[in-house]
Undergrad: 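Shown below is the structure under consideration.
Counting starts at 1 for both ligands and their atoms, following the listed order. Please read these numbers as outputs of a predicted model, since none were measured by experiment.
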Amino acid sequence: MRMILVGPPGAGKGTQAARLVHSLGIPHISSGDMLRAAVKEGTEMGLQADGFMKAGKLVPDDVVIGMILDRIARPDAAGGFMLDGFPRTIPQAAALSDAMTSAGYALDRVLLIEVPDELIIERGVGRRNDPVTGRIYHVTFDPPPAEIADRLVHRKDDTAAAITERLGYYHAWTAPIVPIYDAQGLLRRVDGVGTPAQVTARITAALGA
Ligand code: AMP
């Protein structure tokens, strides 16, 4: 299965990908995770991306496109992948489509996780990431166990200001890719409001359909 998860920041893409990839047996490829790793390692790409990310802005297309096309060409993605956070612009979607056509395969599904804007900031500011397991918690909606609370990370771009900025970019640049995939018959819409388990059940049903 070759699929894309689309949705506003905080829709639950990362949470759902982590819950789904194991049963699907495909790698979870998150552009945001890859960029954060590059920033942490201090690579040239990381240095380029850092300022954009902290401000909640999009990293330039050429940087992200090169990174993802290299990643999906690796052997573990030969049988399928779940992209999370990419494509985020029409040029990114076009580059992905061209690369896949040249490689002789096609996308199977695009899953849109829908969450109203009013919920996004509340979800984002309370989000905490576990760097050890990759699991994502929320201080109120999905509280972490006390014994791991100290190691959790609050992303630098999960402030109300940066989330508002990212939401603006989502509506301006990412939402326009949705009708393209809809016209290709690839799109499935899933309600992202509810517990992670409820949303996983809806996604599993939508993927089966
Ligand atoms: P995410 O973890 O998906 O919320 O991504 C965190 C940040 O990484 C975004 O706010 C952007 O600054 C950057 N980023 C991740 N994916 C992309 C992408 N496909 N295009 C441009 N910037 C991206």
Side-chain angles (χ1 to χ4, degrees), residues 3-18 20-21 27-41 43-72 77 81-100 107 110-115 117 119-131 134-138 152-178 180-181 192:
M3 60 175 292
I4 299 175
L5 287 179
V6 185
K13 300 184 297 295
T15 299
Q16 292 303 323
L20 290 161
V21 282
H28 168 205
I29 301 180
S30 156
S31 49
D33 285 351
M34 291 177 74
L35 289 167
R36 278 184 288 278
V39 170
K40 206 169 160 194
E41 285 160 23
T43 65
E44 196 181 320
M45 184 175 71
L47 294 175
Q48 256 180 300
D50 194 26
F52 293 104
M53 293 175 74
K54 269 194 207 124
K57 297 185 189 311
L58 290 178
V59 174
D61 280 339
D62 53 344
V63 175
V64 188
I65 289 170
M67 175 184 85
I68 292 293
L69 297 190
D70 283 352
R71 178 64 188 87
I72 63 173
F81 48 75
M82 182 177 293
L83 285 177
D84 156 12
F86 181 96
R88 251 181 167 92
T89 63
I90 287 180
Q92 291 179 19
L96 176 66
S97 167
D98 289 349
M100 290 183 72
L107 272 176
V110 176
L111 209 98
L112 173 64
I113 306 183
E114 298 181 297
V115 174
D117 284 3
L119 252 184
I120 294 293
I121 296 191
E122 197 181 0
R123 279 193 178 189
V125 294
R127 172 156 69 176
R128 299 291 182 274
N129 294 54
D130 181 351
R135 166 92 150 79
I136 301 167
Y137 295 91
H138 186 282
L152 299 184
V153 177
H154 188 207
R155 279 170 47 171
K156 285 182 205 139
D157 58 352
D158 274 343
T159 60
I163 295 166
T164 305
E165 184 83 5
R166 283 155 64 205
L167 199 50
Y169 279 89
Y170 174 76
H171 288 299
W173 298 101
T174 308
I177 70 175
V178 170
I180 297 175
Y181 290 126

Undergrad: What residues, two or more places apart in sequence or in another chain, satisfy side chain to side chain donor-acceptor pair (under 3.5 Å) together with H138?
TA: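 Testing H138 for side chain to side chain donor-acceptor pair (under 3.5 Å), a comparison that skips the adjacent residues, returns none.
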
Undergrad: Closer than 3.5 angstrom, by distance alone: can the side chain of S31 be matched with the main-chain N or O of G85 as a donor-acceptor pair?
TA: yes

Undergrad: Can you give me the closest heavy-atom contact between I113 and P8, atom names plus distance?
TA: O-CD, 3.5 Å

Undergrad: Is the cationic atom of R88 (NZ for Lys, CZ for Arg) positioned less than 6.0 Å from the six-membered ring centroid of F86 and within 45 degrees of its normal?
TA: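 No.
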
Undergrad: Considering residues at least two apart in sequence or located in another chain, which fulfil the salt bridge (charged side-chain N to carboxylate O under 4.0 Å, His left out) criterion with R166?
TA: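 Listed in chain order: D157, D158.
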
Undergrad: Taking any residue with a non-hydrogen atom under 4.0 angstrom from an atom of ligand 1, which ones do you get?
TA: S31, G32, L35, R36, M53, K57, L58, V59, V64, G85, F86, R88, Q92, R155, D157, R166

Undergrad: Name all residues meeting the side-chain contact (heavy atoms from CB on, under 4.5 Å) criterion together with A38; count only those two or more places apart in sequence or in a different chain, and write none if there are none.
TA: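 Only T43, M45 meet the side-chain contact (heavy atoms from CB on, under 4.5 Å) criterion with A38.
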
